[in-house]
Amino acid sequence: MIDSHCHINDSAFVNNAEEYINLGKCAGIAEFLVVGYDEKSSRIACEIAKKYHECFAAVGIHPSDVKRMKKSDLDSIEKMAQNKEVLAIGEIGLDYYWDKEKDVQEQQKEFFIKQIDLANKLNKPVSIHCRDAYEDCYQILKNHPVKKGGVMHCYGGSPEMAQLFIKLGFVLGFGGTLTFKNARRPREVLESIGPNDYVLETDAPYLAPDPYRGKQNHSKYLYLVRNKIAEVKGISVEEVDKQSTKNFNRVFR
Ligand code: NI
């Protein structure tokens, strides 16, 4: 399995990165995409990816961090993104759940578009964080297409919007939320999409799957997401591993 979205760069793990990776490998994880959310976490993601051959990095400014960023941060992101270990620009996007003020939302859109432009300039895909902003996110991606496509990380939109993102060249990331008891939405989405449209993710340390919901997440729990996908789609776990790995490699390599 490939964990297409985890934060080994988070303070919870960064001092024990080697242990984290070994535990993950014992639980069937072959590769980890370590995703940045601001300048510092992106830099650490690159350092981890340089040091451990199982790890790769995504670099970018998360919408909720846009308020705190410095002007020079985007230049640093651009420099980092040229490293060969960097597979994508992310996580970038829109989050209207945490930011309800119009001016902050406008700022999020501005930096989202700037980072899409950067991805296109460097010919890389993107990892997108979107919460309570699917319509605006879709409009931006439609008007500013990402040449290499990318992943809608922890996709929480409708099955109808899922088809629109897929048409724009995106795959959908499924993680812990799929395993939650009340997770009707992600299950409906999963049922409605084809074998080429999904990748696996944990978002560790966040969003631990059942029965670890509310606890610290870890890539070693990714099998619980994989098992749930197999159950919902009525296919073997081996088929999920094969297909999700193929999808990851198509988008990110
Ligand atoms: Ni994340």
Side-chain angles (χ1 to χ4, degrees), residues 1-14 17 20-21 24 29 31-49 55-69 73 77 80-81 86-99 108 111-112 115-116 119 124-134 137 150-157 165 170-180 183 186 198-209 212-222 224-225 244 248 251-252:
M1 290 175 278
I2 298 177
D3 190 344
S4 69
H5 193 117
C6 61
H7 300 289
I8 310 178
N9 48 354
D10 188 281
S11 57
F13 304 129
V14 71
Y20 183 103
I21 294 159
I29 312 298
E31 294 180 320
F32 307 79
L33 184 58
V34 184
V35 181
Y37 40 89
D38 60 7
E39 200 270 343
K40 187 182 169 201
S41 62
S42 295
R43 194 157 26 83
I44 298 172
C46 290
E47 285 164 13
I48 293 170
C55 293
F56 298 87
V59 297
I61 314 282
H62 186 289
S64 302
D65 286 281
V66 156
K67 285 175 292 190
R68 285 179 289 278
M69 66 173 279
D73 287 353
I77 295 288
M80 291 176 211
V86 175
L87 300 187
I89 302 299
E91 54 189 297
I92 61 173
L94 302 173
D95 192 320
Y96 295 173
Y97 179 82
W98 292 109
D99 286 308
Q108 287 189 7
F111 282 97
F112 185 21
Q115 294 182 93
I116 290 172
K124 290 190 194 283
V126 295
S127 179
I128 291 191
H129 170 102
C130 180
R131 194 165 180 198
D132 287 1
Y134 280 100
C137 187
V151 58
M152 297 300 295
H153 138 65
C154 191
Y155 181 71
F165 288 115
F170 283 81
V171 291
L172 311 179
F174 286 91
T177 52
L178 177 70
T179 69
F180 296 168
Y198 64 86
V199 292
L200 305 175
E201 64 168 60
T202 57
D203 205 15
Y206 309 107
L207 295 174
Y212 303 103
R213 188 175 183 177
K215 302 216 167 70
Q216 186 179 77
N217 199 1
H218 190 289
S219 299
K220 69 184 178 187
Y221 299 141
L222 188 61
L224 292 162
V225 176
S244 57
F248 181 93
V251 173
F252 289 101

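The structure presented is a predicted model; accordingly, all values stated were derived computationally and were not measured. Counting starts at 1 for both ligands and their atoms, in listed order. Computation of the quantities below employed the complete heavy-atom set of this structure, encompassing side-chain atoms and omitting hydrogens, waters and symmetry-equivalent molecules.
Here His129 fails the criterion, with no N, O or S atom under 2.8 Å of the Ni ion (ligand 1). For His5, the nearest N, O or S atom to the Ni ion (ligand 1) falls under 2.8 Å.
The closest side-chain donor-acceptor pair between Asn217 and Thr202, if any, does not fall under 3.5 angstrom. In this model, a donor atom of one side chain and an acceptor atom of the other lie less than 3.5 Å apart for Asp95 and His129.
In this structure, the ring of Phe248 has its center no less than 6.0 angstrom from the ring center of Tyr198. Between Tyr37 and His7, the ring center distance clears the sub-6.0 Å criterion.
Residue-level check: among N/O/S atoms of Glu91, OE2 sits closest to the Ni ion (ligand 1). Note on Asp203: its N/O/S atom closest to the Ni ion (ligand 1) is OD1.
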